[in-house]
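Report on the structure given below.
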Amino acid sequence: EAAKRRHEVLAIDYLRCGSGAKKGAEWLQLAWIAEQSAPASFRHRIGDVEVFIHRQSQRGLRGRCLHCEGDQVVVMS
């Protein structure tokens, strides 16, 4: 997929609900965004794919591992 997405990076957003009925629920959102929208200081390389992880998502993922299982990305503690 990355080869088809020239001038784009994969954005990974980590969300965790802090209140309400879904308090404690967590999920990832993946989206391709224009590379000029992603500051170089927040870009990383996972295999052959350049990814952008926003500062807030980096804080939420601190001490955790992103694991790929087939076409799924899982957050592990």
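Given the structure is predicted, the values throughout are model-derived calculations rather than measurements.
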Q. More than 12 foreign heavy atoms under 6.0 Å from CZ of Arg55: is that the case here?
A.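 Counting neighbours around CZ of Arg55, 12 or fewer heavy atoms of other residues, nucleotides or ligands fall under 6.0 Å, so no.
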Q: Take atom CZ of Arg45 as the centre, draw a 6.0 Å sphere, and report whether it contains more than 12 heavy atoms from other residues, nucleotides or ligands.
A: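 Enclosed: over 12 neighbouring heavy atoms sit under 6.0 Å from CZ of Arg45.
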Could you give the distance from [atom1] ([X]) to [atom2] ([Y]), rounded to the nearest 0.5 Å?
X	Y	atom1	atom2	result
Asp13	Trp27	CG	CH2	11.5 Å
Ser57	Leu28	OG	CG	8.5 Å
Ile33	Arg5	CD1	CZ	11.5 Å
Ile12	Leu61	CD1	CG	8.0 Å

Among the clusters formed by ILVMFWY side chains lying less than 4.5 Å apart, do [X] and [Y] turn up in the same one?
X	Y	result
Leu30	Val49	yes
Phe52	Tyr14	no
Val51	Val9	no

**Q.** Salt bridge present between Arg64 and Glu26 (N-O < 4.0 angstrom)
**A.**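 Yes, charged N to carboxylate O under 4.0 Å.
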**Q.** Close side-chain approach of Gln29 to Leu15, heavy-atom, < 4.5 Å
**A.**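 SC-SC contact between Gln29 and Leu15 confirmed.
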(Q) Could you check whether any side-chain heavy atom of Glu1 comes within less than 4.5 Å of a side-chain heavy atom of Trp32, counting everything from C-beta outward? (A)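 Result yes, sub-4.5 Å side-chain heavy-atom pair found.
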Which heavy atom in [X] sits nearest to a heavy atom in [Y], and how many Å separate them?
X	Y	result
Gln58	Ile53	NE2-O, 2.9 Å
Pro39	Ser37	CD-O, 3.6 Å
Lys22	Cys17	O-CB, 3.2 Å

Q: Could you label the plane-to-plane angle of the Phe42 and His54 rings as parallel, tilted or perpendicular, counting under 30° as parallel and over 60° as perpendicular?
A: parallel
**Q.** Side-chain (Arg43) to main-chain (Glu35) donor-acceptor, under 3.5 angstrom
**A.**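 Here the side-chain-to-backbone pair exists.
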